Amino acid sequence: MVKQSLVLILNCGSSSLKGAVLNTKNGDLLLSCLAEKLGNEDAVITIKKDIAARRSWHGTEEDTIDYQTAHEVHQTHLQQTRDHEEAVAVLMAELKAYGLYDYVKAVGHRVVHGGEKFAESAVITPAIMKELDACVGLAPLHNPANILGIQAAQHAFPELKHVAVFDTAFHQTMPSHAYRYAIPAEYYEKHGVRRYGFHGTSYRYVAQEAGRVLNRDSNRLALVIAHLGNGASISAVLNGKSQDTSMGLTPLEGLVMGTRSGDIDPSLFSFLSENFAMSVEQTTNMLNRQSGLLGLSGLSNDCRTLEAAAKEGHAGATLALEVFAYRLAKYIGAMTVACGRLDALVFTGGIGENSVGMRHRVLKHLAVLGLYEDAAANQATVGGKAGIISLADKPVVAAVIPTNEELMIAQDAARLSGLV
Ligand code: AMP
């Protein structure tokens, strides 16, 4: 039996590196890793092996690896440079020991910001690296880490093609009336100040899957997709193309998130500066790290914790969930306008896929759009299940579709590397 080629995908943050090895044929994850606290003394890498997925990929050939369990997890402290480079080297050694290294035939990199340069994924060349460098100003926290990860992986896998998959690319189809801010044109023309949008890889996957779940052609659907995780955004996708989305120049704009405020009056900066001597940095930090569900509730950024606390009568938790749901409902209205009509509202991301309570809170606001919750279906659609959660005889469908950004990245990397 010929073993299927594997793809390594990497997602680097400033002090973290997430890696995964996928079988692109069925999306099985054979191995994943999370390196944390990179750059610190206590940098650590956790490796998870899915033995069952490896067996199913390995087929019936004699396997030299004999594990007794279905999963294996182990953690190692990084010893040398404790950076992205060392994390990739540890991952590479694991892949060799685990018999996967020789089958990894492409590397896909998640890159946060592709600016206006990238409307699609791209094979990384020296010219592309220059373009990525040029986008650093747009995502100073994320893109430098992505570049470090690419360089480390190119060093470890010099003979493979490396493919960049951008969070922003899917939204490059937005019309100018959706992506321009109403500020002087020179800020756009000279400095690229416009709305870009993020979570594009997730939207691309979910929009494709929607065709299957709804039994319709995904290129003829008007969808509003809500990606609700710790970071949250929403997008209007008409006939497979993004028309608008809630995140903007940065991932701070739009919905209420775990710790991010989403939309706010920009005068807050001068108000806090003039009255309370808060610097731009302090306010930016407050809006990104201390706001959202955490700030409103005074308790937690985690939807599960808040739902449990709200049930016990915690007023802050209840308010946080209500503000989240109301802002989301308003945006669903706005995104319906962007699509021109609405065939289906789709929930995805950790909250969208699992929080029966949040979906209930949001749908309560949406009878005006023809959306009505089927309470039993809502209750039943959790834990990675896809399904329809609206009443069958109503004009608009509400559905849950689990996202799979890793599979999209792996498929792009395989396709652009000529593996499929
Ligand atoms: P993500 O960033 O996509 O991993 O999503 C993280 C968010 O999903 C957190 O706010 C979690 O509390 C939320 N979440 C995960 N599982 C559940 C659940 N069963 N019920 C409610 N929220 C959940």
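We count ligands from 1, going down the list as the structure has it; atoms in each ligand are counted the same way. Here the structure is a predicted model, which is why all the values come from computation and not from measurement.
Ranking the protein heavy atoms by distance from atom 23 (C) of ligand 1 puts R304 CG, 3.7 Å first. For atom 10 (O) of ligand 1, the closest non-hydrogen atom on the protein side is C303 N, 3.1 Å.
A 4.5 Å side-chain heavy-atom check between I234 and I225 finds every atom pair outside the cut-off. For the pair R110/E405, a side-chain contact is recorded, criterion being any heavy-atom separation below 4.5 Å from C-beta on. No side-chain heavy atom of W57 sits under 4.5 Å from any side-chain heavy atom of V21. Within the 4.5 Å cutoff, the side chain of V107 has no heavy atoms near those of the I9 side chain.
Close contacts of ligand 1 with E307, meaning ligand atoms under 4.0 Å from a residue heavy atom, involve 20 (N), 21 (C). In summary, the atoms of ligand 1 found under 4.0 Å from a heavy atom of G229, numbered by their order in the structure, are 1 (P), 2 (O), 3 (O), 5 (O).
In this comparison of N230, T403, N354, the heavy atom closest to atom 16 (N) of ligand 1 sits on N354.
At least one N or O atom of I351 sits closer than 3.5 Å to an N or O atom of ligand 1. The distance criterion of under 3.5 Å between nitrogen or oxygen atoms is met by G350 with respect to ligand 1.
Within a 6.0 Å radius of CD in Q290, more than 12 heavy atoms belonging to other residues, nucleotides or ligands are found.
The side-chain tip of R194 points at the ring of Y196 from less than 6.0 angstrom away and within 45° of straight on.
Atom 12 (O) of ligand 1 is approached by the protein to below 4.0 angstrom, counting heavy atoms only.
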